[in-house]
Amino acid sequence: MALTVRFRTHPAREGVTMSTEQPGVTGPQSGYRADSLAAAARQAPDGTAVRLAGRIMLWRRMGGLVFGHLQDRSGRVQVSLSRNDLGEETVKEWSRSVKIGDFAGVAGQMYTTRKGERTVAVSELTVLNRTARALPDKWAGMSNVEARYRRRYLDLLVNAESRERFETRIRIIRSIRRFLEDNDFLEVETPILQEAASGAAARPFVTRHNTLGEDFYLRISPETLLKRVVVGGFDRVFEIGRNFRNEGMDSSHLQEFTMLEWYAAYWDYRDNMAFVREMIITVLDDVIGSRTITYGGTKLDFGASWPEVDYRTEVARRTGIDLRVVRDLPALRERVVGLGLDVGAAPSYAGLVDLLYKKTVRPDLIQPCFLLHHPAELVPLARRSDSDPTQLDSFQVVVNGWEIVKAYSELIDPVEQRQRLDEQTALREAGDDETMMMEEDFIEAMEYGMPPMSGLGIGIDRFVALLTDAPTLRDVVLFPTMRGTKGQTAGDASTDGIASTDSTAS
RNA sequence: GCGCCGCUAGCUCAAUUGGCAGAGCAGCAGACUCUUAAUCUGCGGGUUCGGGGUUCAAGUCCCUGGCGGCGCACCA
């Protein structure tokens, strides 16, 4: 029932603005054992003995009576020190020894104050560690966006909505994993360092492997590796992991993002449509408790049937351009320019088709829908439709103008696969830097025999952002990529700027 | 990459036309036995993002650099 070791000035507070000298400051403690959580204590009947550890978020001294709030992973509970229980000297000493932001262990009994707040009447108090810096304002919190991203720990500590958003992210991923495991999917891990960046149309990051003396790519997709696992007989697999794309960043794109991909042998894209819809509804029921959500003020109804929209039919309806007729780059470019769209470089037919769709169709796809049958040029790893080889057995789930899911029946014919990747190589040589790279190892695996299958990818960050009404993907990632801070405090900006430009090759 | 906006105490924000850089919270010292953004008295706290310029005088005006947000462009 006492503060044990103490010394006048804690080293962590030397030279920090918070304090000069203070009585009864203890050093860091170890071995404190708590047996209760704040949330459980709040529910316990009066008289229940509790033993808690957490961070002090509020500390009000009123002479012989002190109120504070102790926060742990479950939430907050009020604690109090009373002269009646502890005596004048003890209250004085303990109340002066605690600062907002310090970690404390307390033991005592639950009671209810006159104003009805559940409170721990403290009989033991141990300061477990000090804060050397002041926490953000208890009322205003921390609203500076840059500070919230760079020092996320403070955002989590003082902004309840931020903490709740990340708790929801965790529950969503847990629910997804449970759903897949309940359906016999096996979770696997494939490499992030890859010899060839494939599985998507995107520019990769390059990194250096010192021991092998080679450059590697950070994966842009796990697709071809997961298919190789299926060749090996794991015929329902999934991976939740990071992909890296060296491209623009905005509220719906991150360079480093979390992707779920799964592959199921003997399924086709229609099987995946039904399955992913069931999964999304299950997650909504589990985590949100509703099949309707509000994003940015717009109601999104996942419970209603999801309309099926044919890619080329919809493009034709909105633009008058029939992609079944307009089949080559110069003709398409002429028609797209005729619409008044800026086509930019548009180095390939597929790229221009994609641009046309993204400009004219996708922004209007707000309610959940299936977008079916991409033109065959767009995805070199997908199976062509039997009924029409110029289109794919593919679909996307589009919500809020965002592509959330992309899936197709997989191409499993090694001869056609080689031919279609050769076409990619030709486009690359013609200047398109987002084509897929040839992977001989992948073709070889396919030559050993690949079962008919359908795979699916879902952007976890976008899905979480939708379900938590987050305006930007950066709000659902703990530490979003930020420009470095080196050089921010450089004494001479001009020379330092030149020096850092010269050294960026490293 | 382009455009607009922002950057002042640990946090949230003020500062008139260019005229002594302030408040609340937090911190320190003190009062106070039911607080709820507690209240009251006193005290300390600044590279106003960095560098340069104009001026008797710059947080404020000009140039330049940094970082961030938003929009556009790019981007499955």
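Being a predicted model, the structure only gives us computed values, none of them experimental. Note on naming: letters A, B, ... go to the chains in the order of the sequence lines (proteins, then strands), and numbering restarts at 1 for each one.
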Could you check how far [atom1] of [X] sits from [atom2] of [N], rounded to whole Å?
X	N	atom1	atom2	value
A:Met249	B:G68	CE	C1'	11 Å
A:Arg148	B:G69	CZ	P	11 Å
A:Ile100	B:A37	CD1	C1'	11 Å

Short N-O contact, A:Lys358 and A:Glu403, less than 4.0 angstrom: no

Salt bridge A:Glu88-A:Lys92, side-chain N to carboxylate O under 4.0 Å: no

Would you tell me if any nitrogen or oxygen in the side chain of [X] comes within less than 4.0 Å of OP1 or OP2 on [N]?
X	N	result
A:Arg474	B:G69	yes
A:Lys138	B:C11	no
A:Arg245	B:C75	no
A:Arg83	B:C32	no
A:Lys359	B:A73	yes
A:Arg483	B:G66	no
A:Arg150	B:G68	yes

Regarding [X], tell me which of base, sugar-phosphate or nothing describes its non-hydrogen contacts under 4.0 Å with the strands shown.
X	answer
A:Ser82	base
A:Arg362	nothing
A:Arg76	nothing
A:Gly459	nothing
A:Val405	nothing

Out of [options], which has the shortest distance to the side chain of [X]?
X	options	value
A:Tyr111	B:C67, B:C34, B:U33	B:C34
A:Arg96	B:G30, B:C67, B:C32	B:G30
A:Glu117	B:C74, B:C11, B:U36	B:U36
A:Arg203	B:C70, B:C34, B:C74	B:C74
A:Gln78	B:C34, B:U36, B:C74	B:U36
A:Lys99	B:G68, B:C75, B:C28	B:C28
A:Ala134	B:A26, B:C67, B:C32	B:A26
A:Ser143	B:U12, B:C70, B:G24	B:U12
A:Met62	B:G68, B:C11, B:C34	B:C34

Could you tell me how far [M] sits from [N] if I compare only their [atom1] atoms? Round to whole Å.
N	M	atom1	answer
B:U17	B:A58	C1'	14 Å
B:A29	B:G18	P	44 Å
B:G22	B:C70	P	35 Å
B:U55	B:C62	P	16 Å
B:C72	B:U36	C1'	47 Å
B:U8	B:G51	P	16 Å

Matching residue for A:Arg219 among A:Glu239, A:Glu256, A:Glu439 - test: salt bridge (Lys or Arg N to Asp or Glu O under 4.0 Å): A:Glu239

Taking atom types as modelled, is there a side-chain donor on [X] or [Y] under 3.5 Å from an acceptor on the other?
X	Y	answer
A:Arg428	A:Thr435	yes
A:Asp102	A:Thr131	no
A:Gln255	A:Thr481	no
A:Thr313	A:Asp310	yes
A:Tyr408	A:Asn272	no

RNA chain B: stems of at least 3 consecutive Watson-Crick or G-U pairs whose donor-acceptor distances fall under 3.5 Å: B:1-7 with B:66-72, B:10-13 with B:22-25, B:27-31 with B:39-43, B:49-53 with B:61-65

hbond_proxy A:Asn144 side chain to B:C11 base (donor-acceptor, 3.5 Å cutoff): no

Upstream residue (5' side of RNA chain B) when A:Met142 and A:Leu58 are each assigned their closest nucleotide: A:Met142

Closest-nucleotide ordering on RNA chain B, the 5'-leading residue of A:Thr472 and A:His374: A:Thr472

Near-ring test A:Trp306/A:Phe395, centroid separation under 6.0 angstrom: no

pair A:Ile100-A:Met57: side-chain heavy atoms closer than 4.5 Å: no

